[in-house]
Structures are given as structure tokens and as C-alpha cells.
Amino acid sequence: MPHAHSCPQLIQTDVRKIANFYAARLQQLCCPRPSFSLVRTVHAHMIASGFRPRGHILNRLIDLYCKSTNVTYARHLFDAIPQPDIVARTTLITAYSNSANINLARRVFDETPFFIRDTVSYNAMISAYSRNGDGCAAVELFCEMGRERLHLCPDDFTFTSVLSGLALVADDDRQCRQMHCAVVKFGTESNVSVLNALISVYMRCFSGSSAVLARQLFDGMLDKDELSWTTMITGYVRRGDLDAAQQLFDGMKEKFDVVWNAMISGYVHHGFTGEALEMFRRMYLEGVVLDEFTCTSVLSACANAGLLQHGKQVHAYIIRMDPTPEPETSLPVKNALITLYSKCGKIYEARWIFDGMCLRDLVSWNAILSGYVTLGHIGDAQRIFNVMPERNLLTWTVMISGFAHNGLGEEGLKLFNRMREEGVSPCDYAFAGAITASAGLGALEHGRQLHGQLIRYGFDSSVSAGNALLTMYARCGVVEAARCMFLTMPCADSVSWNAMIAALGQHGHGTGALDLFERMLQVEISPDRITFLTVLSACSHAGLVKEGCEYFKLMNGRYGIIPSEDHYARLIDLLGRAGKLSEAKGIIEKMPFKPGAPVWEALLAGCRIHGNMELGIQAAEELFELVPEHDGTYILLSNMYATVGRWNDAAKARKAMKDRGVKKEPGCSWIEVSRSVHVFMVDDTKHPEVPEVYGFLERLGVEMRKLGYVPDTKFVLHDVESEQKEYVLSTHSEKLAVGYGLLKLPAGATVRVLKNLRICGDCHTAIKFMSKVVDREIIVRDGKRFHHFKNGECSCGNYW
DNA sequence: ATAGGGTTAG
């Protein structure tokens, strides 16, 4: 291109020649994504040389600015035209549509006088709606075109555009058939693109007959293109009919990359990781180029199956193929890598990928956020959440359930409210998170309210929300409501079964839990590792030692689930509660791996129930070594030493703890305040004060009924009446002991509670109730929070 | 000047 100062020569020649010169320059720039600076240079050159673009040259310039994704420049040019023609207007409509600015596109369309509107401009506007997800508006505009602009004939472009919009909203095939008639009426039924779009719409309808119709159209096509095959195959994949998709795929003579990718992603989406990887292997062996779509799907498959090594191989392949990938094209691949590493527990690698990205989208942020959340790194997750440039429903949901599943129910509920305040409408997963948060707080009333709202939102058939409700009711002690949820759920999955078995087990219905487990096997829902954890617990609480040991053997023997440390811990718990302490010790010695904290905790619990001080101290010492930062062990161990009169060891334990940098002083716990009650006492059935605790609980139950007090949970009444007293005492012991201890305090005393004891749920109810029964004001401090109990009511807030 | 397929986050 000549430099600006050489232009005077050009100006002297024919103006037509100059126009041709610029038309040719602009023509050279034509491509899907022209460079903005080049377009700008040519434009500047025109201005410098005194050439004023008009007509098709101006339109072309507007188009180039639009395609270089600089709609603002295009708009400036457009605004300067006194009466822009239909071509310029259509260009601008398309540009706004491409930048997802549907309202601006519509405004340009509306400002176009009726008499100059043509089919192309309607097509552009219809397609703008379709591409931006508003299928209804696309169909509506198509109808308007037929009603009001009768001289305008819809063409093949019109039908492909409106059909792709219809595909977003059609569920029954009535509208599809109507549109099919219109296609025939306007003679576009032999156009390949229209047929492809029609097949796509029919494939998305619910009825099976529409899929058959689509297949008939497909089979009748003489000139199928790549898109026809892809549409048909992805249609089957979307319907979950992977066999039909595979059959069609196998029948293809020449397979191209897109159908390979469609098959792989279809298998990944429906959870068939093995099939996805097998397709990937075949694709590789047949020498098809593995592009970013392939890699992304395969990485996702590896992430879902936890196949870190396979995923790493793909990662290596990506680096080898494309050492300097374009930032934008490789974005989904990077996102999938973040997910791969975080799902395989490698959060540092995930973060490394994330930090190394020069361009991040919402998916990248959500991927790293959910990585932190699922690994329990709530602090990191919260930091990410706070600095995210944008958020969507998924972001909120992940963070809410992250709080809920990490014991931060209050934060979860607060965030749920904040989300709604910011105008984000919750989905069923968000409700599930909030319900789980309520469950963690023991806030039954709140949970019930959420249940009501959930129904109003129409999410009552959601499996995830149903499971959350089931668990919430169970944890708040309303087993009947949990059972009702379970029975009325339209499609209970293994999570629902596990939750219901757990609910029965936790509330003393051990045999009921085992019956339900047998029923689960009968209806052929495969038990998973969680099922066996639950079943072992149920056996443990019901004292069904023989059955528990049988199931433990069955787990690996019949179902191929290798027992994890948690399973061993449950087994030890089962034996320990039944008093078979030496047997439990024997299993610990023969375990295939080094016993960790959960195993020793289980043994310790057994020793506490049966007063086996010798073994108990041994377990506590092991625990002390493994988790020196755990305050509970420290207090327990020194108390145990004290109980058997080993005062020096008790002092040594406290000192050793202090030396390891544990800042917590013994004086912080309520034990020191009330002196007359010890945690250890509550669990030791041989301890002289235990009958007193039983008596207290029974009196409490009677008083509660007498006063007509309806507690949030059935904690005391239910548990004390059941036969599983040992279990009740060990799960609720600390909470009850706190309550018991509080009664013995001088009036108005401020109490600090053990770190692992949250003032919530059962404990909250108990103290509320007691403040009424004994007519005392009780103030409890729990971290930064304070709870003020008076006359059966409670007000809480931040302490400072 | 206008259309259509395969990718990632719970």
C-alpha cells in the first residue's frame, strides 16, 4: 500500500481509480477475523488522502470493523451516514449479534424503515435471536415476517436460522411439523442446510416418533454433508441413545474429526469413561488429528475417572503438538487441565495452570474455585470467590455448598441470601447447598422453609435437592420426614439410598437400616464405598457385630470395593463398642496400611465406653503423636492419666502439648470453669456420676413435655428412649455435658466452649430449653460469636 | 449483508 504522502498523485488521477484501489485493499483484508490495526490503517489512509468512502466501500469498511470485533468504530461510521442502506444495517445487526448484544441488534432492526427491509435483514435478526439463545423470539419474528411482510419470501437461510432457534425451545413435535410444512411450501425441502436443521429439531423433540422421522429424512438425503452426519449422531447422543450413535458412526465410510469428537464427548457426558477412552485410542490409531476439542473431552474423561497418569499423557501431547498455543483457542483445554489436576487432588498443579493463563474466562475461575472447595480449602476458595471478575449461578452454588459441606452452615446461608439479593435466581443445586447448610446448623425450621420454597420454585423432583432434604431431616432427628422424602422421590439414586440407610442407622433402627440395604441390593442399585461405611456404622450402633463383620468381608469379596482406612475405622468402632477390644487391636495390627487417626479414635471410643484404661491410653498416645494439634486428644489424654492417678503423665502431656506450639490453654475450656464435670465422665458407664446424667436427661424430657416446648430436634427425647444408650452418649456426650455443666455454673457466668464444639443444633436447643427450665440467663461464647439464652429464647451476634 | 455440527466449571 502506498504511503500517505504519495496520495496526491493518486488524487490527480480518476476518482474511480482511487475507489477501485481502496476496494481492492479492503478486499485483501477480508477474512473471518481481520486485524483491527490493518483496517484502521487503510481507513486512516483514506481520510489522509481526502477520499470519502461511500456506498459499498463504506459498507465494506463497516463490515471489516465489525469483524475485527470493533463494533464501536463501525457504529461511528454508521451514525455519520444520513440514510444508511439495508446492507449497512444488516452488517451492524450481525455484528451486535456476534458480540451478544441482542438489544442493540434489535434497535438497529427496529429503526430500519419497513419499506427497505428485505429477507436478508430478517434472516440476520432471526439468526441473532437463535444464536443468543432466544428461540421464542426467533420463531416470533419469523411469524411476523409471514404476517406483515407478505411480499417477503422466506428462503433457505430463513429456515436454517429459525429452525436452529426452534431447536432451543421445541419439546413436542407440533411446532416442528408446522415448520416442516412451511419448508415444503416455500420449496426449500431439498436444501441440505435446511434439512440438517430440520433433523436437528426433530431429534430434540421428546417423542420417539420424531427421532424416527428425523432418521427417515436423513436416510433419504442424497447429498449428505459432514454436518448431516454430525447432526444425526449428536442427536442420538443428546437423547442418550449411544448405541444408535455408535452404529451410525461405525457405518460411516469416511470419518472426520468432528464426529469422532462428538462420540467421545457423548460418552464422557453420559459417564462412560471407558468407552470414551477406547474411542480416543481408535481415533489416535487411525491417524486422525487430535485437536483441542478431542483433548478437552478426553481430559474431562480422565478427570471424572481420576486417571491422573492418562491425563498427564494428554497434557504432554498437547505441549508436544502445540508448544506456543494461541491463548484463546486453548482456553477450554486449559480449563479442562485445571479440572483434571484438582479432581485428582493436585491443587498446586491446577493452580499453576490457572496462574499461567494469560486469558481466563468464567469457566477457568469456576474450575479453580470448585477445585479448592472439593478439597476443603475453604479459605483459598473464598479468596478466589472474592476477586472473581464475574460470577454466575454455578459460582454461587459451588461456594454455598462448599461452606455447607465444611461445617460453615451460617456462612452458607448468608451467601445463599446474598445471592438472591443480587438478583440471581437459585437452581436446585443452590437449594441443596442451603438445605445442607441448615442441616449442619440443626436449623430444622429454616430447612422446612427452604423445602417450601423449593416446591414453589418447582424443584421438588430434583434428586440433589431431595437428597439434601432427606439428610437434613435425618440430621435434625425427624426420621419420619426423611423416610417420607425417600419414599416420594421420583428417582432415588445411590446417594438417596445411602442417606436413608444412614438415617435409620443413626437413630437406633439398626436392623431397619440393614433391611433397607438388602432391599437396595435386590433392586440392583450398586452399593459404593459410602454404602458400606453407612452399613458398618448401622451395625455398630445396633450392636450387630456378626453381621457387620460379614458385610466387611462381602465388600471386597463380592463387590470389589477395597476397604479404605475409614472402613477399617468403622470395623474397629463396631468391635470396640461391643467390647471386643483385643479383637479390634488384632485387626489394627494386621491392617494392610499404617493405622491413622480415625482408626485410633475408634479404638479409643471403645475403650472409653468399656473403661479399658490401658488400651485407651495407648490409643490416645498414638493419636497424640499423629494429630498433636488436636485439642480434644490433649485434654482427653491428660484427663485419662488423671483418672488412673498418673498425675505426672497428665502434667507431662499438657506440657508436651504446649511445647508443640499449641496455643490453647486448658483454662479455656468449660471443664476448668465448672470443675465438677469432666468430659471423660460422661462416656464412662462405670463412673459414679453417669446415673446422675441419665436422671437429668429423663427429668429434662418430662419437663419439656410438661411445658409443651417443641424442640428444633428430637435430640434428648428420642435418644434416651431408644435402647442405644452408649451410642447416644458418645455422639451427644460433649453437648449434653456442656448443658449439664452450665447448670452448675454461678449465675451470669461467661463460658468459653471447646473449639470443636459449635453452639448449634442439638446443643442450641438444649441450652435454650434449659434457660427456661432453670430460669437462668446463660451467655455462651463460641469463637467470635456470642449466644445469649434467656427464658427459652436466644439472641446471637458477633462478640466484638 | 444473512444459516447450521464437536470442547471446559457442580
Side-chain angles (χ1 to χ4, degrees), chain A residues 56 59-60 62-63 66-67 84-95 97 118-128 130-131 138 155-165 167 188 191-201 225-235 237 256-266 268-269 291-300 303 329-340 342-343 361-371 373-374 392-402 405 427-430 432-433 464:
Chain A
H56 72 277
N59 286 345
R60 173 57 62 85
I62 292 174
D63 186 34
C66 288
K67 289 196 173 120
D85 65 7
I86 190 64
V87 176
R89 291 174 194 269
T90 308
T91 305
L92 209 57
I93 290 172
T94 310
S97 160
D118 60 1
T119 303
V120 180
S121 58
Y122 268 96
N123 292 350
M125 195 60 226
I126 291 171
S127 130
S130 297
R131 287 210 281 184
D155 59 8
D156 41 358
F157 280 86
T158 321
F159 283 113
T160 31
S161 301
V162 72
L163 282 167
S164 75
T188 51
N191 180 284
V192 182
S193 300
V194 174
L195 276 172
N196 289 342
L198 205 52
I199 291 171
S200 171
V201 176
D225 61 5
E226 284 197 352
L227 196 81
S228 319
W229 287 95
T230 318
T231 307
M232 203 61 217
I233 287 177
T234 54
V237 165
F256 48 96
D257 52 353
V258 177
V259 277
W260 280 103
N261 291 338
M263 285 307 298
I264 292 175
S265 74
V268 175
H269 243 112
D291 63 8
E292 49 174 311
F293 291 93
T294 326
C295 293
T296 310
S297 294
V298 171
L299 285 172
S300 168
T329 51
S330 64
L331 192 58
V333 177
K334 294 267 177 62
N335 293 342
L337 280 169
I338 296 176
T339 309
L340 169 79
S342 67
K343 277 201 181 162
D361 64 1
L362 186 53
V363 178
S364 331
W365 286 95
N366 282 342
I368 194 75
L369 178 77
S370 83
V373 162
T374 44
N392 65 0
L393 179 55
L394 191 116
T395 319
W396 291 97
T397 307
V398 167
M399 199 65 228
I400 291 166
S401 58
H405 289 285
C427 61
D428 56 338
Y429 284 97
S464 52

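When reading the values below, keep in mind they use all heavy atoms of this one structure, side chains included, and skip hydrogens, waters and symmetry mates. Here is how names work: the chains are called A, B, and so on, in the same order as the sequence lines, proteins then strands, and each is numbered from 1.
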Interatomic distance, [X] [atom1] vs [N] [atom2] [rounded to whole Å]:
| X | N | atom1 | atom2 | value |
| --- | --- | --- | --- | --- |
| A:N335 | B:dA9 | CG | P | 9 Å |
| A:L362 | B:dA9 | CG | C1' | 8 Å |
| A:I199 | B:dG5 | CD1 | C1' | 12 Å |
| A:N123 | B:dA3 | CG | C1' | 8 Å |
| A:E292 | B:dT7 | CD | P | 12 Å |
| A:W365 | B:dT8 | CH2 | P | 22 Å |
| A:W229 | B:dG5 | CH2 | P | 19 Å |
| A:M263 | B:dT7 | CE | C1' | 16 Å |

A:F157 ring over B:dA3 six-membered base ring, under 5.5 Å and 30°: no
Which of these nucleotides, [options], is closest to any side-chain atom of [X]?
| X | options | result |
| --- | --- | --- |
| A:A336 | B:dT8, B:dA1, B:dG6 | B:dT8 |
| A:D291 | B:dA9, B:dA1, B:dG6 | B:dG6 |
| A:L394 | B:dG6, B:dA1, B:dG10 | B:dG10 |
| A:T397 | B:dA1, B:dA9, B:dG10 | B:dG10 |

A:D63-A:T91 side chain donor-acceptor pair, cut-off 3.5 Å: no
Looking across every strand, which nucleic acid part, if any, lies under 4.0 Å from [X] by heavy atom: base, sugar-phosphate, or nothing?
| X | value |
| --- | --- |
| A:V363 | base |
| A:R89 | nothing |
| A:S265 | sugar-phosphate |
| A:C66 | nothing |
| A:D118 | base |

With sequence neighbours excluded, residues passing side chain to side chain contact (heavy atoms under 4.5 Å, CB included) with A:I264: A:V268, A:A276, A:M279, A:F280, A:M283, A:T294, A:S297, A:V298
Smallest separation among heavy atoms of [X] and [Y], with atom names:
| X | Y | answer |
| --- | --- | --- |
| A:G266 | A:V237 | CA-CG1, 3.3 Å |
| A:T374 | A:G371 | OG1-O, 3.2 Å |
| A:P332 | A:E292 | CD-OE1, 4.5 Å |
| A:N123 | A:D155 | ND2-OD1, 3.1 Å |

Determine whether any donor atom in the side chain of [X] lies under 3.5 Å from an acceptor atom in the base of [N], or the reverse, and answer yes or no.
| X | N | answer |
| --- | --- | --- |
| A:D225 | B:dG4 | yes |
| A:N392 | B:dA9 | yes |
| A:T90 | B:dA1 | yes |
| A:S161 | B:dA3 | no |
| A:T160 | B:dG4 | no |
| A:T296 | B:dT7 | yes |

A:K343 side-chain N/O to B:dG10 phosphate OP1/OP2 under 4.0 Å: yes
Any A:R131 side-chain nitrogen or oxygen under 4.0 Å from OP1 or OP2 of B:dG4: yes
